[in-house]
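Just so you know, these numbers come straight off a predicted model, no measurement behind them. Here is the naming used below: chain letters follow the sequence lines, and residue numbers restart at 1 for every chain.
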Protein chains: 2
Amino acid sequence: MNPVTLVQQTFRAIDVIRKKRDGVELSRAEIEGLVSAYTAGEIPDYQVSAWLMAVVLKGMTRPETAALTDAMLRSGEVLDLSSLPAKKVDKHSTGGVGDKTSLVLAPLAAGAGVAVPMISGRGLGHTGGTLDKLEAIPGFNVNLPVAEFRRVLEVCGCAMIGQTAEIAPADRKLYALRDVTGTVESPYLICASIMSKKLAEGIDALVLDVKTGSGAFMKSEKDAAFLAELMVETGERMGKQVVALITDMDQPLGNMIGNALEVVEVVEVLRGGGPEDLRELCLELAGWMLHLGGISSTVAEGKQQSAKLIASGKALEKFRQMVELQGGDARVVDDAKRLPQAQHTIQVASAKAGYVGSIQCEQVGTACVILGGGRERKEDSVDPAVGIVLHKKVGDRVATGEPLATIYYNAEARAARARQLIEASFEVTGTASAARRPLIHRVIGEKTIGKSGEKN
Amino acid sequence: MNPVTLVQQTFRAIDVIRKKRDGVELSRAEIEGLVSAYTAGEIPDYQVSAWLMAVVLKGMTRPETAALTDAMLRSGEVLDLSSLPAKKVDKHSTGGVGDKTSLVLAPLAAGAGVAVPMISGRGLGHTGGTLDKLEAIPGFNVNLPVAEFRRVLEVCGCAMIGQTAEIAPADRKLYALRDVTGTVESPYLICASIMSKKLAEGIDALVLDVKTGSGAFMKSEKDAAFLAELMVETGERMGKQVVALITDMDQPLGNMIGNALEVVEVVEVLRGGGPEDLRELCLELAGWMLHLGGISSTVAEGKQQSAKLIASGKALEKFRQMVELQGGDARVVDDAKRLPQAQHTIQVASAKAGYVGSIQCEQVGTACVILGGGRERKEDSVDPAVGIVLHKKVGDRVATGEPLATIYYNAEARAARARQLIEASFEVTGTASAARRPLIHRVIGEKTIGKSGEKN
């Protein structure tokens, strides 16, 4: 007779907390019990926050991470898109500065025949958010009901909305608690949060863009790769095809930062122009989406097909169609003046001649937040018109007095602070740096995909 | 300009949580801020429980532990007993089975001229509590108001009560949260909880009895010694003389377990009898109390003086006086039948002949809880009459059928379960064990005391 079993035990949160604290692996039933009881309001915040801190400090095994993801996914509605004949493929980025690839990729992949049911988030901190960018287009509605989301998807092949109340409510409740208890920074919790929401979209495959560098949440490539591997394995454990690209966020992606400005750059890329780094990353990610979507037999072929869709104007046509179907003013495609315009601009000039050695990417993102283009707090509203256009990127030669960037602003005081930050973020050196950071550092999950790709 | 300082910062719980999570030492101001804001209800349970879990897993430095103890101490009233001429010395035990030394020590040390303002707790789990034992004496009031506590102390030299609402309210609130969030098991938090309450008694010195063995919270001597060192150093940092004895709790202390039964054994010891282990530990602890109280120049001398006080009957007289002053029926001293009596007894006999090799001490404590003599939950009430009398201890020879213990009970079903546990807790072996565990394993803090002792 064991004294601990004197009282009849059922599921008790305290036991799950203690086990995690002591480094004992939790069962699927224990994790499922905790998530469902918390979502139902049956266990208090103070027990869950203690458990979250134990997870942050003790980590999770792969089966635990998959069980947590699954429990969070099943806390709400999982879209059933099986009636759509096309393969459903989404892309998710861990967030960066100037990262507007989603707006290019959804119409591009849809143009190739992949279905892209994309549920995105808003900007927070120094990083931008897809929903804010879409809302810079007058009339664009990111709050479609699920039935309407499905209709747009059926008609257009892609649709882009915000998270609904029905999708992964456990994640919403857990994230709010993590935000105020210092338990955001755990790859296991980040993985479960991202993957539960993405897999609730009813997708077959997922391309992850995990950012690394001075403008990313994961500054080191090691941390980025760890998270990427975790997400790929978790997705595979849940029966999905998942690949992760570790991509560079040591300087902003493309040249434009700010919601309306980024829409302008998206249209440029869809027209076959735009900055090289953004165009290249879009094609690479699109190549993977087409490959996983069963459209192309290789990634390289997917890239070629994507380039052709841009050249033929079909990708831009898809973008126009999606904007219209979601209530937006598609005339912005041909007339950028129809997007919100900032009242003033100011140039940031280089104090010396030389080469751009580095750009403190997070500071550029923060400058955009200061202008009003992003959020310091969730409840802040954003000014879609403001932002920054970079004229020089890392490795570029610059003369004394030559403009490094242009600031688009509506408030003088904010512009002055943003200018200081941008000036400080550019490092101009005497000699050109020998090695440039690659745009794509690594691909994780490729091997597994390769194998399953043969079966397609 | 640092982007993190965009928003003006004051004290924020989230920062303190993150620092502790990341293993950064907290300042005295940060710890004080957290404790005072929590006590005032200004920060929520869910932030504090996350912080507590970070403390459990990341630990605390000595200055942090002292700062936490100090903040908890100053969250409430600190008794000012400076008007009493005698030195104020208390004893605290980390809890065990059959540990009734407090009831012997308070009158014994008071008889020698030390003032003993003792604030104790109730039993929980397998361990007994001083308040429950005192309440076995009909009429004994452990809930004296502070003014009355002080009066008894002045008249008698000792007084024994429960924690008041005014003393260390932060500890009460924190303990309740720790209890339901798996954050009880941290030596730093245990140290701060014990020391904040004890130092709020307005004492000059403290003797700690840190138990180790199968019936203790700290099963290993290493853990017990770590906690002891932590408490000694924390006390010293707060300007108090503190010594800790690591003592054996691998079998019950003395022969009687159960509230009224333990009062009987206390009276036996105060009469110069009682079991050897209990008598010896009482004298050792009393020796230290007298030494720290400035009554004896050495511990050995303190022990001798204590033995004389028992032999002369003065210690028993003090006990009688304290019982009377606190409203209790002092006639129990001469007539044990006036204590609550169990209706039935049953013998537990040995199934074989040999030597008692070990007694699973925690199981014996649990057997007493099952009989109704202790609490599984804080809100349970206790039956003062029930308990266990051991007839054999570790190393004793036993014949087949000879009684190992007698169970005092009021409910048949409970007795049957307790009997099973007690039978299982005795290990009878063929040969006598060579080495017996010492009663006192180590003394911690002795050196420091020796030094300051010279100044007395």
Side-chain angles (χ1 to χ4, degrees), chain A residues 1-7 12-23 43-59 125-126 176-186 360 362-367 369-370 376-377 380 417-425, chain B residues 1-7 12-23 43-59 125-126 176-186 360 362-367 369-370 376-377 380 417-425:
Chain A
M1 189 179 187
N2 184 338
V4 224
T5 57
L6 287 178
V7 179
R12 299 200 317 162
I14 182 88
D15 298 333
V16 178
I17 299 169
R18 285 201 187 114
K19 274 179 94 167
K20 180 44 68 187
R21 177 197 69 191
D22 297 340
I43 50 175
D45 289 337
Y46 55 75
Q47 287 192 315
V48 176
S49 64
W51 180 80
L52 288 166
M53 183 57 83
V55 169
V56 168
L57 294 175
K58 287 285 183 166
H126 72 278
L177 186 61
R178 286 168 59 204
D179 196 35
V180 292
T181 55
T183 52
V184 167
E185 296 86 347
S186 157
Q360 284 302 315
E362 182 167 338
Q363 291 194 25
V364 176
T366 301
V369 174
I370 288 172
E376 284 177 20
R377 279 168 294 252
D380 294 344
R417 289 169 63 205
R419 185 185 183 160
Q420 278 186 312
L421 259 187
I422 290 168
E423 271 171 357
S425 70
Chain B
M1 188 178 188
N2 183 338
V4 224
T5 56
L6 288 177
V7 179
R12 299 201 317 163
I14 183 88
D15 298 333
V16 178
I17 299 170
R18 285 200 187 113
K19 274 179 95 167
K20 179 43 69 186
R21 176 197 70 191
D22 297 341
I43 50 175
D45 288 336
Y46 57 75
Q47 287 191 315
V48 176
S49 64
W51 180 79
L52 287 167
M53 183 57 83
V55 169
V56 169
L57 294 175
K58 287 285 184 167
H126 72 278
L177 187 60
R178 286 167 62 205
D179 196 34
V180 293
T181 56
T183 52
V184 167
E185 296 86 347
S186 156
Q360 284 302 316
E362 183 167 336
Q363 291 194 23
V364 176
T366 302
V369 174
I370 288 172
E376 285 177 19
R377 279 168 293 251
D380 295 344
R417 289 169 63 204
R419 185 185 182 160
Q420 279 186 310
L421 259 187
I422 290 168
E423 271 172 357
S425 70

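- Interface residue A:D179: only backbone heavy atoms are found under 4.5 Å from chain B.
- To the nearest 0.5 Å, atoms OG (A:S49) and CD1 (B:I17) are separated by 8.0 Å.
- Between A:V180 and B:Y46, the shortest heavy-atom contact is CG2-CE1, 3.5 Å.
- Proximity to chain B (any heavy atom under 4.5 Å) is restricted, for A:V56, to the side chain, taken from C-beta onward.
- Atoms OG1 and CD1, on B:T183 and A:I14 in that order, are 7.5 Å from each other to the nearest 0.5 Å.
- Heavy atoms of B:A54 lying under 4.5 Å from chain A belong to its backbone as well as its side chain.
- Of the listed residues (A:H126, A:R18, A:Q47, A:K20), the one with the most heavy-atom contacts under 4.5 Å to chain B is A:Q47.
- B:R21 places no side-chain N or O within 3.5 Å of a backbone atom of A:M53 that could act as its donor or acceptor partner.
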